Amino acid sequence: MEKRWVEHSIQDIETVKLLSEELNIDEILAQMLVARGIKTFEQAKLFFRPSLDDLHDPFLMNGMEEAISRIQRAIKNQEHILIYGDYDVDGTTSVALTYSFFKDLYPHLTYYIPDRYVEGYGISTQGIDYAAHHGISLIIALDCGIKSIDKVEYAKEKVIDFIICDHHLPGDEIPDAVAVLDPKRKDCDYPYKELSGCGLGFKLIQAFASRNNIPKEKVLKYLDLVVVSIASDIVPITGENRILAHYGLKKLNSDPCNGLKALIELSGKADDFTITDIVFSIGPRINAAGRIDDAKQAVKLLIASSTQLAEDAGFIINLKNSERKEFDNNITEQALNMILNSPEMENRKSTVVYHETWHKGVIGIVASRLTEKYYRPTIVLTQSNGHIAGSARSVLGYDLYEALCECSDLLEQFGGHKYAAGLTMKPENLPAFIHKFEEVVSATITDDMLIQVIEAEKCIDLKDINPKFFRILKQFAPFGPQNMAPVFISRNVYSYGYGSIVGNNHLKMSVRQKDSQVFDCIAFGYGDFLEQINRGIPFDICYTIEENVWKDKRSIQLNIKGIKTY
């Protein structure tokens with residue numbers, strides 16, 4: 001599929017030059033810093049040298065005083081406390097972190113994860129009933145609850161208090177809980193707004209430790225769980241998240257908790273775990289528990305007190321992940337065949353596919369895969385509890401949520417944001433919905449939006465890539481939203497020797513320019529270009545720069561994201 005290459009443009013050339021001189025770095029690197037909002041020596045120091053001392057005071061968060069006071073009272077009065085969280089990676093890591101921290105201090109503690117298919121997302125009536133039945137008087141909810149106004153009222157009727165720790169955007173009304181911690185509240189002056197749910201749990205235990213003279217090491221030991229949530233929940237890796245991710249990766253790579261250690265071993269990767277490795281290797285395994293079976297299995301793994309318990313729980317979760325992969329692959333193949341066998345579907349500007357037997361737990365993953373393949377707003381639907389339920393994904397620049405608003409008369413409920421959403425409808429509304437959604441998308445999407453964009457930092461010469469450049473480039477990590485791994489463009493490069501096909505249509509080659517060294521390259525899915533690049537004519541590439549390790553030998557490798565031939 002054709003992709004547009006878009007190069008960042010920097011207007012503030014003077015700032016780039018000044019920063020380049022102050023930091024004694026290449027102007028290319030200085031431009032990358034300015035593009036990330038880093039314009040002074042001090043800001044660059046904070047960026048390149050993250051420090052735990054720069055974490056914000058948790059008591060700057062609205063509601064933190066009330067939350068800590070209520071927990072202290074519960075402990076003093078020997079009340080039973082329930083740690084409640086969502087069934088995804090962010091929710092289960094949040095519960096594992098908060099439960100483990102308080103369990104070390106206090107025995108009357110349990111945890112609860114709602115059933116994805118029976119209870120749905122967020123705080124449930126069943127969860128509150130469970131708490132009431134077990135004599136629980138305080139629920140600490142993590143990664144959910146900011147819109148659970150009626151559920152908090154229901155809990156009050158059962159004499160149960162709530163502390164809500166959520167990072168999602170609040171509605172017009174805030175639940176009447178003992179404390180509601182959410183940096184996105186309009187009345188919250190906390191300096192950083194983009195914490196993950198587990199990050200909020202971290203701030204809660206940081207505040208409790210500070211108030212109760214608990215050594216900070218007892219808090220920092222959970223940073224490996226925090227970085228797993230940051231990576232998996234795709235929150236911006238800026239500000240406080242960058243600090244937490246930096247030190248979380250150190251903890252993950254040097255001394256992970258038993259549960260994460262078991263997942264690392266199951267992944268087959270020995271060391272140097274990155275944000276990307278978490279996203280593709282650890283996150284899906286944790287998520288598989290809630291998608292296929294019971295997310296409590298994930299918490300059980302993450303709080304495992306021994307290697308044996310972790311290995312046992314990890315084995316079960318790995319089986320669930322294999323099951324998830326099988327569902328995912330089969331459904332994706334079926335969906336692709338549906339589109340290929342229907343000229344009408346193939347020529348639309350939206351994709352809507354439905355099959356009553358598809359597993360609800362993986363339709364979001366399938367929607368992402370179809371979007372990647374056809375690059376247009378996509379909805380994957382299946383049958384659930386007498387309704388049709390679905391997951392929707394969008395393309396860059398297109399507001400999917402607004403499109404669903406235009407179809408709301410045909411939907412029972414829907415929710416989400418610009419790029420991802422969930423929806424349910426009555427079965428009889430499906431044909432009308434497919435027609436109307438396509439109508440809305442066709443009228444509101446532009447042709448440019450239907451061409452995938454590769455955002456590049458700058459066009460550079462290969463000779464610019466030297467050891468100092470690469471050494472500083474590595475310090476831009478950890479990479480993620482709002483600090484993506486830099487993509488560069490180089491024009492008029494030549495294949496050095498002959499390229500070859502490896503694996504499933506991947507192109508392996510070496511390239512050079514005049515006066516540059518030779519760089520080894522891997523281009524996943526670009527095998528069809530083999531004949532053209534072997535002709536000896538120049539071509540353009542866009543790529544990320546990586547370190548390749550083979551038998552203890554390290555070398556710079558270009559990971560090709562696009563090729564344009566003349």
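Quantities reported herein were computed from a predicted structural model and do not represent experimental measurements.
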**Report entry** Salt-bridge contact Lys474-Glu546 (side-chain N to carboxylate O under 4.0 Å)
**Finding:** no
Query - Pair Asp166 + Lys147: basic N to acidic O under 4.0 Å - result: no
Query raised in the report: Should the pair Phe101 and Phe208 be assigned to parallel (<30°), tilted (30 to 60°) or perpendicular (>60°) ring geometry?
Result: perpendicular
Requested in this report: Answer with yes or no whether the side chains of Asp143 and His167 bring together a donor and an acceptor at under 3.5 Å.
Outcome: yes
Requested in this report: Would you please say whether a donor-acceptor pair under 3.5 Å links the side chains of Asp129 and Tyr154?
Outcome: yes
Query raised in the report: If you count the non-hydrogen atoms of other residues, nucleotides and ligands that lie under 6.0 Å from NZ in Lys184, is the total more than 12?
Result: yes
Query raised in the report: Would you find more than 12 non-hydrogen atoms of other residues, nucleotides or ligands less than 6.0 Å from Phe470 atom CZ?
Result: yes
Query raised in the report: Does Phe47 have Arg36 sitting over its ring (NZ/CZ under 6.0 Å from centre, angle to axis within 45°)?
Result: no
Query raised in the report: Taking atom types as modelled and ignoring hydrogens, do the side chains of Tyr192 and Thr238 form a donor-acceptor contact shorter than 3.5 angstrom?
Result: yes
Query raised in the report: For the residue pair His80 and His108, does the interplanar ring angle fall in the parallel (under 30°), tilted (30 to 60°) or perpendicular (over 60°) class?
Result: tilted
Report task. Count the heavy atoms belonging to other residues, nucleotides or ligands that lie under 6.0 Å from NZ of Lys300, then report whether that count exceeds 12. Result -> no
Query raised in the report: Counting heavy atoms not belonging to Asn385, are there more than 12 under 6.0 Å from its CG?
Result: no
Query raised in the report: When rounded to the nearest 0.5 angstrom, what distance separates CD1 in Ile363 from CZ in Arg291?
Result: 9.5 Å
Query raised in the report: So, Arg70 and Glu79, do they make that salt bridge, N to O below 4.0 Å?
Result: yes
Query - Asp328 with Arg369: basic N within carboxylate O range, under 4.0 Å - result: yes
Query raised in the report: Do the side-chain N and O atoms of Gln206 and Lys203 include a donor-acceptor pair separated by under 3.5 angstrom?
Result: yes
Query raised in the report: Cation over ring, Lys251 on Tyr222, under 6.0 Å and within 45°?
Result: no
